[in-house]
Amino acid sequence: MSSVTLKGIYKKYAGGVTAVSDFNLDIEDKEFIILVGPSGCGKSTTLRMIAGLEEITEGELYIDGKLVNDIPPKERDIAMVFQNYALYPHMTVFENMSFGLKLRKMPKDEIKRRVEEAAQILEIEHLLDRKPAALSGGQRQRVALGRAIVRNPKVFLLDEPLSNLDAKLRTAMRSELSKLHIKLATTFIYVTHDQTEAMTMGTRIVVMKDGFVQQIAAPQYLFENPANLFVATFIGTPQMNTCEGTLVDEGGVTYLTFGEGCKVALPENKGRKPEVLAYAGKKVIFGIRPNDIHVDQAYLAQFPDRVVDVTIELTELLGAESNLYLSNGDNQFTAVVETGTTGGKMGDKIKVYFDTAKIHIFDYDTEKTITN
């Protein structure tokens, strides 16, 4: 078992700076947990408190049900992989991977077995005699992972391990890490500012902002049911479109009005919810994802009460799909459409269909969702 529990964790620095506030999370055995958020949100500080590299100001940290607040890092049975790899330049790959085991005075034959086994898992057997300077970025990252694997830790902590790699290698290493998690069958806690990494790798995602947890959920649930405006705009590429609007209750139908003459109907199962009707006549913020704005004529004809007049500002070709940048007055929207179906060129005025079944509506002041 390798569960981790954080109860009411705070990290406060001298001068009154609070980096992490009231962090609560139960991490189950074999989970792949991602801590994600912008720079300075407290995610790496949280990871370092789990590792024992940062002192916990308040709260309790348990590993396998054992309180470890005052237990030194080397006795927590965790392994940490850093952003900068932290390899010893004068040592070979074998020596780097075996160094921690030698400090523990492990028998030589056991060290050799563990290093060779980890090297095989990571496909770096042919690199064991090389030094870090002779390795590529991706190979160095694998060595850093190997150094953690040989220890057979209860928990792997990974602090932005892919951020120094180029885009292509980063994509490849994402899938490699996911496979490694399954192969090792242990708990991974992974920090990143890249929401694509979070969405593609995690079993659950912890979204953080300004030291506070905003939402904890499985990737798809987080995408479809954001708890607030920050989560909604942070998760998803391209970013969710947001706009100020007003809810109107008219003839048994709830409409959303915004921009220059825009008025779209909400479906009954969304617009007639009591919590949504409570905002009738009030200003709100709404969000719609780029994939939920369509140019297909079939939609325009079928749902005339969900059509919006826009101007094409720019078309960004991405192969099979295109990003369509649109405007209505001062409001800007991005739509992801099939290439060749835009229905116009830059400067043209066109009509688009807003899939209002997928619209998210947030309280104007608190920015919390009122539709999920």
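Because only heavy atoms are used, hydrogens play no part in the values below, and waters and symmetry mates are left out as well, while side chains stay in. Computed from a predicted model, the values in this text were never measured in an experiment.
- The pair K7-E60 does not count as a salt bridge, with every side-chain nitrogen at least 4.0 angstrom from each carboxylate oxygen.
- Contact of the I63 side chain with the R76 side chain is registered, since non-hydrogen atoms from C-beta on lie closer than 4.5 Å.
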Stepwise side chain to side chain contact (heavy atoms under 4.5 Å, CB included) check, D77 with V155: CA-CA 7 Å; D77 202 6; V155 182; over 6 Å; no
Stepwise side chain to side chain contact (heavy atoms under 4.5 Å, CB included) check, K183 with I121: CA-CA 9 Å; K183 195 176 292 185; I121 290 171; 3.8 Å; yes
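- Side chain of S98 to main chain of L101: no donor-acceptor pair is present (N/O by atom type, distance under 3.5 Å, no hydrogens or angles).
- In this structure the side chain of R204 reaches within 4.5 angstrom of the side chain of E31, judged on heavy atoms.
- Judged by distance alone, with hydrogens and angles left aside, the side-chain atoms of K358 form no donor-acceptor pair with the main-chain N or O of I293 at under 3.5 Å.
- Looking only at distances, a side-chain donor or acceptor of R114 sits under 3.5 Å from a matching main-chain atom of V150.
- Between the CD atom in Q120 and the CD1 atom in I124 there is a gap of 11.5 Å [rounded to 0.5 Å].
- Note that CG of L180 and CG of L122 are 6.0 Å apart. Values are rounded to the nearest 0.5 Å.
- Between atom CG of residue D330 and atom CD of residue Q332 there is a gap of 8.0 Å, rounded to the nearest 0.5 Å.
- Residue E123 places its CD atom among 12 or fewer non-hydrogen atoms of other residues, nucleotides or ligands, all under 6.0 Å distant.
- By the criterion of side-chain heavy atoms lying less than 4.5 angstrom apart, applied directly or through intervening Ile, Leu, Val, Met, Phe, Trp or Tyr residues, I56 is grouped together with M208 in one hydrophobic cluster.
- Although no hydrogens or angles enter the test, the distance criterion places a donor-acceptor pair under 3.5 Å between the side chain of N69 and the main chain of L61.
- With a 6.0 Å radius and a threshold of 12 heavy atoms from other residues, nucleotides or ligands, K273 has its NZ atom above the threshold.
- Counting heavy atoms from C-beta outward, K131 and P89 have side chains that stay 4.5 Å or more apart.
- Side chain to side chain, D29 and S3 fail the donor-acceptor criterion of an N or O pair below 3.5 Å.
- Checked for salt-bridge contact, D309 and K351 meet the test: a charged N lies under 4.0 Å from a carboxylate O.
- Side chain of R104 to main chain of G100: a donor-acceptor pair is present (N/O by atom type, distance under 3.5 Å, no hydrogens or angles).
- Other residues, nucleotides and ligands contribute more than 12 heavy atoms inside 6.0 Å of the NZ atom of K102.
- Here the side chain of R289 pairs a donor or acceptor atom with the backbone of F223 at under 3.5 angstrom.
- Residue V264 comes nearest to V308 through the heavy atom pair CG1-CG2, 3.6 Å, listed as atom of the first residue, atom of the second, then distance.
- Grouping the Ile, Leu, Val, Met, Phe, Trp and Tyr side chains by contacts below 4.5 angstrom, directly or via other members, places M80 apart from M201.
- Judged by distance alone, with hydrogens and angles left aside, the side-chain atoms of T369 form no donor-acceptor pair with the main-chain N or O of F362 at under 3.5 Å.
- Through direct or relayed side-chain contacts under 4.5 Å between Ile, Leu, Val, Met, Phe, Trp and Tyr, M91 connects to Y88, F99, L103.
- Between the CZ atom in R113 and the CE atom in M106 there is a gap of 9.0 Å [rounded to 0.5 Å].
- A salt bridge links K345 to D348: at least one charged side-chain nitrogen sits closer than 4.0 Å to a carboxylate oxygen.
- Members clustered with V17: Y13, by chain and number, using a 4.5 Å side-chain heavy-atom cutoff among hydrophobic residues.
- In terms of heavy-atom proximity, L158 sits nearest to F188 at CD1-CD2, 3.7 Å.
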Step-by-step side chain to side chain contact (heavy atoms under 4.5 Å, CB included) determination, L324 to I312: CA-CA 7 Å; L324 203 58; I312 299 176; 4.2 Å; yes
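- Side chains of Q141 and P161 form a contact here, defined as non-hydrogen atoms less than 4.5 Å apart.
- Taking 4.5 Å as the limit, every side-chain heavy atom of L317 sits out of range of all side-chain heavy atoms of N323.
- In E268, the CD atom is not crowded: 12 or fewer heavy atoms of neighbouring residues, nucleotides or ligands sit closer than 6.0 Å.
- Heavy-atom minimum distance, G271 versus T254: O-OG1, 2.7 Å.
- The pair K263-E250 meets the salt-bridge criterion, with a side-chain N (NZ, NE, NH1 or NH2) lying under 4.0 Å from an Asp/Glu carboxylate O.
- In this structure, E313 places its CD atom where more than 12 heavy-atom neighbours from other residues, nucleotides or ligands lie under 6.0 Å away.
- Cluster annotation: M49 is connected to V191 through the hydrophobic network of ILVMFWY side chains, with a link wherever side-chain heavy atoms come within less than 4.5 Å.
- Contact annotation: the side chain of L135 approaches that of L127 to within less than 4.5 Å [non-hydrogen atoms, C-beta and beyond].
- Grouping Ile, Leu, Val, Met, Phe, Trp and Tyr by side-chain contacts under 4.5 Å, direct or through others, puts F303 with Y299, L300, V307, Y353.
- With rounding to the nearest 0.5 angstrom, the CG atom of N328 is 9.0 Å from the NZ atom of K349.
- No continuous path of ILVMFWY side-chain contacts below 4.5 Å connects Y62 to F23, so the two sit in separate hydrophobic clusters.
- A donor-acceptor pair under 3.5 Å is formed between the side chain of T187 and the backbone N or O of S2.
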Using distance only, find each side-chain donor-acceptor pair of residues 229-242 under 3.5 Å and give its atom names and separation, not counting sequence neighbours.
from: T233; atom 1: OG1; to: L229; atom 2: O; distance (Å): 3.0
from: T233; atom 1: OG1; to: F230; atom 2: O; distance (Å): 3.2
from: T237; atom 1: OG1; to: Q195; atom 2: NE2; distance (Å): 2.2
from: N241; atom 1: OD1; to: T334; atom 2: N; distance (Å): 2.6
from: N241; atom 1: ND2; to: I288; atom 2: O; distance (Å): 3.1
from: N241; atom 1: ND2; to: T334; atom 2: O; distance (Å): 2.8

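- Y279 pairs in a side chain to side chain contact (heavy atoms under 4.5 Å, CB included) with only one of the listed residues (D363, T246, D249), which is D363.
- At least one donor-acceptor pair closer than 3.5 Å links the side chain of E95 to the backbone N or O of T92.
- Side-chain contact annotation: T315 with S322, donor-acceptor N/O pair under 3.5 Å absent.
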Check against salt bridge (Lys or Arg N to Asp or Glu O under 4.0 Å), K11 and E55: CA-CA 8 Å; K11 179 59 185 180; E55 187 177 334; 5.9 Å; no
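- Using a 4.5 Å heavy-atom threshold, the side chains of I189 and T46 count as separate.
- Looking at N164, its side chain does come within 3.5 Å of a backbone N or O of Q83 through a donor-acceptor pair.
- Closest approach of A217 and L222 over heavy atoms only: CB-CD1, 3.9 Å.
- The two residues V310 and V352 have their closest heavy-atom pair at CG2-CG1, 3.9 Å.
- When only modelled atom types and interatomic distance are considered, T192 and E197 share a side-chain donor-acceptor pair under 3.5 Å.
- Across all their heavy atoms, L6 and V4 have their closest contact at CD1-CG1, 4.1 Å.
- T196 places a side-chain heavy atom less than 4.5 Å from the side chain of R174.
- Distance SG/C243 to CG/L256: 8.0 Å, rounded to 0.5 Å.
- In this structure, L162 is a member of the same hydrophobic cluster as I149, with clusters built from ILVMFWY side-chain heavy atoms closer than 4.5 Å.
- For residues 245-274, the ring-ring contact (aromatic ring centres under 6.0 Å, His included) pairs, not counting sequence neighbours, are F258-F286, F258-F354.
- As a member of the Ile/Leu/Val/Met/Phe/Trp/Tyr network built from side-chain separations under 4.5 Å, L314 groups with Y325, M346.
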